[in-house]
Amino acid sequence: MRIATWNVNSIRTRVGRVVDWLVRDDIDVLAMQEIKCRPDQFPIEEFARAGYQVEIHGLNQWNGVAFASRHEMTDVATSFPGMPGFGKPIKGQEGVQGVDDAGEPLEARALGVTVGDLRLWSLYVPNGRSLDDPHFDYKLRWLEALRANAESWLDEDPDLPLALMGDWNIAPLESDMADPSFEVGRTTHVSPDERSLFASFESTVTDVVRPIAPEGFTFWDYKAGRFQKNEGMRIDFIMGSRAFADAVTGAEIARDERKGDGPSDHVPVVADIDPSLLADTFDDDDDRPMVF
């Protein structure tokens, strides 16, 4: 079974590339970020023709997350408890659906689904913009809330095969950053605060791709020939719980998807899962066609 994450940078622009890759690389479940559309604008038909169901959380032309899966998806969640919002507070609406406890609107940055026994999240972590921007504090608070939830979910069920997948907008190691426009202590993505927060997840979930694919970037800016110079960064991750990580048999960064006409600035990150190592993930009497 192949599970992947990909910041597609506008699904309407790149649906042909995305669906073609899903079929060609035999992907079972794809977490997408930065879809940049509402559900009614999402090109569902192209995915359906290829045999995929979709779950979508998008509010406007910014952000947005989605899943495409060959298997049924249940327990859909469009935020996690305590997830902070960002923007002008909406007075009198504190804590209602779509608004955080401070009245700030929740952005479309998280989507959780259950596939079999797998609990999967597609996550588009806030960028942060700059170290002195309110968006940077928002980024840190967003990550802290996510970490608290991951700890809670696994305290409740230590054997939960959980994966936090997506664009984390952090290059946690020095080797993960080769873009000369980023500098530790002066820019986001490589600041000590962000790297420390990323590291704090590792007692709960671990990077399941790096042990198998230790080198490689997942993002290259469009400008200044960054891809051709390989001045990229590794900011897209599949972070799995112990139960999830124990079932991983292979992994890759699909670098070639940055080539060709009209690519996203990110590439897919893939983990291969052996379903037999996940107890009761799929029922033996399931009458859906086997695709892995």
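Quick note: numbers below take in every heavy atom, side chains included, and nothing from hydrogens, waters or symmetry partners.
- R147 and S200 form a side-chain donor-acceptor contact under 3.5 Å, judged by distance and modelled atom types alone.
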For the pair H71 and M1, evaluate side chain to side chain contact (heavy atoms under 4.5 Å, CB included) and give the outcome as yes or no after the intermediate values. CA-CA 11 Å; H71 305 280; M1 184 177 186; 3.9 Å; yes
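- No side-chain heavy atom of V267 sits less than 4.5 Å from a side-chain heavy atom of V269.
- L143 has its side chain within reach of V125: a pair of non-hydrogen atoms, C-beta onward, lies under 4.5 Å apart.
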Using a 3.5 Å cut-off and no angle test, enumerate the donor-acceptor pairs between side-chain atoms of residues 207-214 and protein atoms at least two apart in sequence or in another chain.
residue, atom, partner, partner atom, Å
D207, OD1, V209, N, 2.9
D207, OD1, R210, N, 3.2
R210, NH1, D176, OD1, 3.0
R210, NH2, D176, OD2, 2.8

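- If you chain together hydrophobic residues whose side chains sit under 4.5 Å apart, L197 and W168 fall into the same group.
- Closest non-hydrogen pair, P89 versus A102, comes out as CB-O, 3.9 Å.
- Linking Ile, Leu, Val, Met, Phe, Trp and Tyr residues whenever their side-chain heavy atoms come within less than 4.5 Å leaves F67 and L59 in two separate clusters.
- Residues meeting the side-chain contact (heavy atoms from CB on, under 4.5 Å) test with R255, sequence neighbours left out: W220, F227, N230, K259.
- To the nearest 0.5 Å, atom CD1 of residue I44 and atom CZ of residue R49 are 12.0 Å apart.
- A salt bridge links R24 to E257: at least one charged side-chain nitrogen sits closer than 4.0 Å to a carboxylate oxygen.
- Residues V29 and M73 form no side-chain contact, since every pair of their non-hydrogen atoms from C-beta on lies 4.5 Å or further apart.
- Ring geometry for Y138 against H135 counts as perpendicular: the plane angle is over 60°, on a 0 to 90° scale with 30° as the lower cut.
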Start with the C-alpha gap between K139 and H189, add the side-chain angles, then the distance that decides, and say whether side chain to side chain contact (heavy atoms under 4.5 Å, CB included) holds. CA-CA 10 Å; K139 179 178 190 175; H189 294 59; 4.2 Å; yes
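- No path of Ile, Leu, Val, Met, Phe, Trp and Tyr side chains, each step under 4.5 Å between heavy atoms, connects M165 with V8, placing them in separate hydrophobic clusters.
- Neither side chain, R234 nor T218, offers a donor N or O lying under 3.5 Å from an acceptor on the other.
- Of the possible donor and acceptor atoms, one in the side chain of D100 sits under 3.5 Å from a partner among the backbone N and O of G103.
- The aromatic rings of W121 and W153 lie parallel to each other, their planes meeting at an angle below 30°, with 60° marking the opposite boundary.
- Other cluster members for V184: M177, F182, V190, F219, M233, I235, joined by side-chain heavy-atom distances under 4.5 Å among Ile, Leu, Val, Met, Phe, Trp and Tyr.
- Checking Q33 against T5 by side-chain atom types alone, a donor-acceptor pair falls below 3.5 Å.
- I253 and L22 fall into different hydrophobic clusters, where Ile, Leu, Val, Met, Phe, Trp and Tyr residues are linked whenever their side-chain heavy atoms come under 4.5 Å apart, directly or through other members.
- When side chains are defined from C-beta on, W6 counts as touching W21, because their heavy atoms get closer than 4.5 Å.
- You'll find the side chain of F244 reaches within 4.5 Å of the side chain of L120, heavy atoms only.
- Of the charged side-chain nitrogens involved, at least one lies within less than 4.0 Å of a carboxylate oxygen, so that R70 and D26 count as a salt-bridged pair.
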Please step through side chain to side chain donor-acceptor pair (under 3.5 Å) for the pair R14 and S264, ending with a clear verdict. CA-CA 8 Å; R14 298 185 172 83; S264 171; 5.2 Å; no
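- Looking at R129 and T188, their side chains never come closer than 4.5 Å, going by heavy atoms from C-beta outward.
- The shortest side-chain heavy-atom distance between R226 and P180 falls under the 4.5 Å cut-off.
- Y124 and W62 have their aromatic ring centers separated by at least 6.0 angstrom.
- With a 4.5 Å cut-off on side-chain heavy atoms, M32 and I11 count as touching.
- F80 and F86 fall within the same hydrophobic cluster, where Ile, Leu, Val, Met, Phe, Trp and Tyr residues are linked whenever their side-chain heavy atoms come under 4.5 Å apart, directly or through other members.
- At distances below 3.5 Å, at least one donor-acceptor pair connects side-chain atoms of D221 with backbone N or O atoms of K223.
- Judged by distance alone, the side chains of D193 and S191 never bring a donor and an acceptor atom under 3.5 Å apart.
- N9 and K36 form a side-chain donor-acceptor contact under 3.5 Å, judged by distance and modelled atom types alone.
- Across all non-hydrogen atoms, the minimal contact from F237 to P172 is CZ-CD, 3.5 Å.
- A salt bridge is defined here as a Lys NZ or Arg NE, NH1 or NH2 lying under 4.0 Å from an Asp or Glu carboxylate O, and D265 with R258 fails to meet this definition.
- Here E252 pairs with R2 in a salt bridge; the nearest charged N to carboxylate O distance falls below 4.0 Å.
- Between R195 and E174 a salt bridge is recorded (basic side-chain N to carboxylate O distance below 4.0 Å).
- Summarising the geometry of A66 relative to I35, their closest heavy-atom pair is CB-CG2, 4.1 Å, with the distance given to 0.1 Å.
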